[in-house]
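Have a look at the structure below, then the notes.
Labels below follow one simple rule: chain letters A, B, ... track the order of the sequence lines, proteins then strands, and each chain is numbered from 1.
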Amino acid sequence: MLKIYNTLTRKKEIFKPRIEGKVGMYVCGMTVYDYCHIGHARVMVVFDTVARYIRDSGYELTYVRNITDIDDKIIHRANENGEDFNLLTARFIEAMHEDERALGVLPPDIEPKATQSIDDIVAMIETLIINGLAYVGGNGDVFYAVAKFKNYGRLSGKNLEDLQAGERVDVDLAKRNPLDFVLWKMAKPEEPSWESPWGAGRPGWHIECSAMSTCCLGNHFDIHGGGMDLQFPHHENEIAQSEGATGETFVNLWMHNGFVRINEEKMSKSLGNFFTVREVLKQYKPEIIRFFILSSHYRSPLNYADEQLNDAGSALKRLYTALRGVTIAEPGADLNELDALSVRVLDETRECMSAFRKKFKDAMDDDFNTPVALSVLFDLARELNKVKESEYLVAEVLAVTLTELGSVLGLLQDEPDDFLKSGAVDDESLTTEAIEQQIQARLEAKQAKNWALADQLRDELRVQGVVLEDVPNGTTSWRRE
RNA sequence: GGCUGCGUAGCAAAACGGUUAUGCAGUGGCCUGCAAAGCCAUCUACGGCGGUUCGACUCCGCCCGCAGCCUCCA
């Protein structure tokens with residue numbers, strides 16, 4: 001029974017989709033004017049994992065994640081570069097997709113863009129005006145009249161009085177109320193614009209998500225997610241817009257992931273303390289980053305530090321090492337050829353597997369508790385290591401289970417040897433052939449009982465980041481550190 | 001100032017009103033020519049002070065410390 005923490009109620013709730021068996025989920029994606037940083041990677045990985053698990057639990061999921069490809073920052077950056085904003089956004093959309101693929105993030109089912117949703121946006125603003133919730137301000141911009149929406153502040157736990165009391169240096173005389181926000185922004189000369197009943201302009205920041213989510217998923221859908229910082233004002237405004245326009249409940253369940261931090265401080269563009277995904281990928285394999293993200297609960301802060309990335313690498317190495325050398329059997333293959341003893345052992349193993357699967361499921365059902373789910377993978381790895389040499393059939397079953405549970409988290413889908421033998425970056429300094437040659441030379445030295453030479457050859461590789469492991473059958477395997 | 005949330009062993013990170021989390025690191029042992037990997041064993045905990053309870057890391061109160069939101073931000 002899946003339970004999810006709902007920001008709206010500040011409680012874990014039993015998840016019940018509006019339509020049995022079907023789930024609609026919308027996640028606020030990127031504003032594409034720069035490369036994704038690790039904070040963005042967290043959103044992508046977290047909700048990718050949520051999507052995978054919802055599907056794994058048997059639901060038919062429609063996962064929508066938008067791209068905001070028009071806003072002030074985009075225009076500003078395009079002007080800086082002296083290029084058309086469409087070229088800028090196209091470039092960073094492509095970069096974002098590259099980062100996602102690297103991190104094992106599956107594409108959402110629908111990826112709407114703001115610039116392709118202008119008609120829906122305009123239509124929604126018109127409805128808001130008709131409903132008396134929006135007005136044309138003194139400067140021609142269209143604003144949302146926050147005070148007209150009764151539940152404003154409910155999601156973020158704020159009320160209008162407190163917000164108004166807060167120190168706002170917003171002296172925008174075009175607005176009736178300083179808290180009112182822009183729905184449609186009139187274009188200045190040279191700015192990209194679209195025609196509308198209020199003149200040429202562009203959508204405000206929040207309206208595109210209201211338009212795109214309701215268009216893709218209907219007026220009322222199950223899950224809406226994003227980073228913590230979007231709670232206010234972005235998601236609050238989305239609720240005001242969508243519910244104000246449709247008159248229906250907008251979203252049942254709001255999910256917000258915690259921040260990535262550096263030295264106990266939020267990673268953000270304004271603080272300038274961020275690492276882009278592609279920078280980090282130069283140093284660590286993508287799966288290590290994914291593991292690192294999943295090693296803490298999605299609502300907790302996640303501190304970015306080399307030590308932790310290195311630990312994540314060691315942890316992943318342990319899992320892949322356990323899988324190494326165990327071929328994954330076709331499910332159900334050749335069962336008839338097994339003797340009675342094997343069948344009995346396998347039956348017992350399967351029972352044991354269902355206990356592991358249950359523990360994994362219980363963890364994920366508890367608001368996507370990935371740290372506990374990961375611990376189950378390590379429990380499996382330990383069992384696997386124990387029986388690997390002695391009971392091969394059991395080992396196969398364990399390996400299948402480990403790989404399957406890993407896939408729910410988007411992990412352990414590589415060939416173990418591929419993972420273990422690859423470095424963070426493709427470095428051509430030491431080829432596989434050269435390593436194999438060195439190993440061969442060492443084996444010969446070993447056979448001649450020339451331990452000094454054998455150790456020297458091993459140390460030489462060690463210095464270059466290659467670790468040798470002698471296998472009982474006389475061969476030697478290796479991995480890169 | 002208002003509103004959220006957090007404080008667990010050397011590091012990271014969970015659960016749970018009474019029973020091994022887990023990973024990395026450490027220590028001892030097994031294995032190994034020696035290692036590595038692996039297995040077994042083992043040491044480091046629950047910010048402080050009170051309260052509830054037979055019993056609290058877990059519930060309640062206060063205090064201290066930290067972070068986030070209240071302005072663009074995943």
Side-chain angles (χ1 to χ4, degrees), chain A residues 7 10 27-31 36-44 46-47 71-73 76 153 156-159 161-170 178-179 205 225-234 236 256-261 264-271 274 291-292 294-297 299-303 305 307-319 321-322 324-325 359 362-363 366 369-379 381-382 384-389 420 446 449-452 454-455 458-459 462 467-472 476-479 481:
Chain A
T7 307
R10 316 251 166 215
V27 173
C28 287
M30 312 307 139
T31 300
C36 295
H37 64 225
I38 296 297
H40 298 120
R42 191 177 192 189
V43 183
M44 300 193 288
V46 161
F47 285 101
D71 92 321
D72 290 357
K73 288 189 293 293
H76 183 72
S156 51
K158 304 184 186 306
N159 59 59
E161 295 76 58
D162 289 348
L163 285 168
Q164 254 138 14
E167 284 182 35
R168 293 179 124 256
V169 202
D170 196 339
L179 295 174
W205 173 36
M228 296 265 297
D229 48 356
L230 296 184
Q231 248 172 73
F232 188 91
H234 186 59
E236 201 68 71
H256 293 98
N257 66 274
F259 291 127
V260 176
R261 304 204 292 199
E264 304 302 311
E265 202 178 40
K266 176 182 173 180
M267 176 187 284
S268 78
K269 295 204 173 165
S270 42
L271 288 169
F274 62 91
F291 184 98
F292 164 67
L294 295 177
S295 67
S296 84
H297 185 84
R299 283 189 285 117
S300 304
L302 177 62
N303 209 46
E307 188 187 358
Q308 294 188 50
L309 268 300
N310 290 330
D311 281 356
S314 304
L316 215 38
K317 183 205 74 193
R318 177 171 165 80
L319 295 176
T321 304
R324 182 171 59 181
K359 199 176 163 197
D362 286 349
D366 184 15
N369 194 332
T370 53
V372 173
L374 286 174
S375 79
V376 177
L377 303 189
F378 289 101
D379 292 341
R382 169 164 287 117
L384 178 49
N385 283 328
K386 276 197 252 186
V387 301
K388 215 160 144 182
E389 303 303 329
L420 294 167
K446 276 178 69 178
K449 299 233 187 304
N450 186 348
W451 306 127
D455 290 355
R458 183 172 61 195
D459 290 345
R462 187 73 188 77
V467 181
L468 300 192
E469 295 168 3
D470 290 338
V471 183
T476 296
S477 62
W478 61 275
R479 63 185 160 84
E481 287 234 299

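With rounding to whole Å, A:E265 atom CD is found 13 Å from B:C66 atom P. Distance NE2 (A:H297) to P (B:A21): 21 Å, rounded to an integer number of Å. Distance A:K359 NZ to B:U22 C1': 8 Å, rounded to the nearest Å. The CD atom of A:E264 sits 11 Å away from the P atom of B:C66 (whole-angstrom rounding). Separating the CZ atom of A:F259 from the P atom of B:A67 is a distance of 14 Å, rounded to the nearest angstrom. Note: NE2 (A:H234) to C1' (B:C70) measures 17 Å, nearest angstrom. Taking atom CZ of residue A:R42 and atom P of nucleotide B:G68, one finds them 14 Å apart after rounding to whole Å. Across the protein-nucleic acid pair, A:F291 atom CZ and B:C24 atom C1' stand 10 Å apart, rounded to whole Å.
Side chain to side chain, A:S156 and A:Q231 fail the donor-acceptor criterion of an N or O pair below 3.5 Å.
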Under 4.0 Å protein heavy-atom contact, by nucleotide of nucleotides 31-40 of chain B - B base, S sugar-phosphate only
--BBBBSSSS

Scan nucleotides 3-8 of chain B nucleotide by nucleotide, 5' to 3', and note B when protein non-hydrogen atoms come under 4.0 Å of the base, S if they reach only the sugar-phosphate, - if neither.
SS----

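Classification of A:E236 and A:K158 as a salt-bridged pair fails, no side-chain N sitting under 4.0 Å from a carboxylate O. With respect to the salt-bridge test (charged N to carboxylate O, under 4.0 angstrom), the residues A:D379 and A:R382 do not qualify. Comment: A:E469 engages A:R324 in a salt bridge, judged by a side-chain N to carboxylate O separation of less than 4.0 angstrom.
A:F378 and A:F291 have perpendicular rings, their planes meeting at more than 60° on a 0 to 90° scale where under 30° would count as parallel.
An OP1 or OP2 oxygen of B:A14 is reached within less than 4.0 angstrom by no side-chain nitrogen or oxygen of A:S295.
Of the candidate nucleotides B:C69, B:C72, B:U22, B:U22 has the atom lying nearest to any side-chain atom of A:D379. With B:U22, B:A74, B:A13 as the candidates, the nucleotide lying closest to the side chain of A:H40 is B:A74. Set against B:G23, B:A74, B:A15, the side chain of A:V43 has B:A74 as its closest nucleotide. Distance from the side chain of A:V260 is smallest for B:A74 among the nucleotides B:A74, B:C72, B:G23.
In this structure, OG on A:S314 lies 11.0 Å from CG on A:L319, to the nearest 0.5 angstrom. The CE atom of A:M267 lies 12.0 Å from the CZ atom of A:R261; values are rounded to the nearest 0.5 Å. Atom CG of A:L420 sits about 9.5 Å away from atom CH2 of A:W478, to the nearest 0.5 Å. If you take CG on A:D311 and CG on A:L316, they are separated by 12.0 Å, rounding to the nearest 0.5 Å. Interatomic distance, CG of A:L374 versus CG of A:L294, reported as 6.0 Å (0.5 Å rounding).
A distance of about 22 Å separates the C1' atoms of B:G28 and B:G33, rounded to the whole Å. Nucleotides B:C59 and B:C16 are separated by 13 Å at their C1' atoms, to the nearest Å. Spacing between B:A35 and B:G29 at atom P, rounded to whole Å, works out to 11 Å. Spacing between B:G5 and B:A9 at atom C1', rounded to whole Å, works out to 23 Å. Comparing the P positions of B:U71 and B:A14 gives a spacing of 30 Å, expressed to the nearest Å.
When heavy atoms are screened at a 4.0 angstrom cut-off, A:H37 is found touching base atoms of the nucleic acid. Here A:M267 lies in heavy-atom contact (under 4.0 Å) with a base. Nucleic acid contact class of A:S477 (heavy atoms, under 4.0 Å, all strands): none. Note on A:S314: only backbone sugar-phosphate atoms sit closer than 4.0 angstrom, heavy atoms only; bases stay farther off. A:N303 comes within contact range of no nucleotide atom at all, as no heavy-atom separation falls under 4.0 Å. A:K73 comes within 4.0 angstrom of the backbone, heavy atoms only, and of no base.
Taking the nucleotide of RNA chain B with the nearest heavy atom to each of A:L316 and A:I38, the more 5' of the two is matched to A:L316. The residue among A:V372 and A:D71 whose nearest nucleotide of RNA chain B lies closer to the 5′ end is A:V372.
When A:H297, A:R299, A:M228, A:R42 are each tested for a side-chain contact (heavy atoms from CB on, under 4.5 Å) with A:N257, only one passes: A:R42.
For RNA chain B, each stem of at least three Watson-Crick or G-U pairs (distances under 3.5 Å) is given as range with range: B:1-7 with B:64-70, B:10-12 with B:22-24, B:26-30 with B:38-42, B:47-51 with B:59-63.
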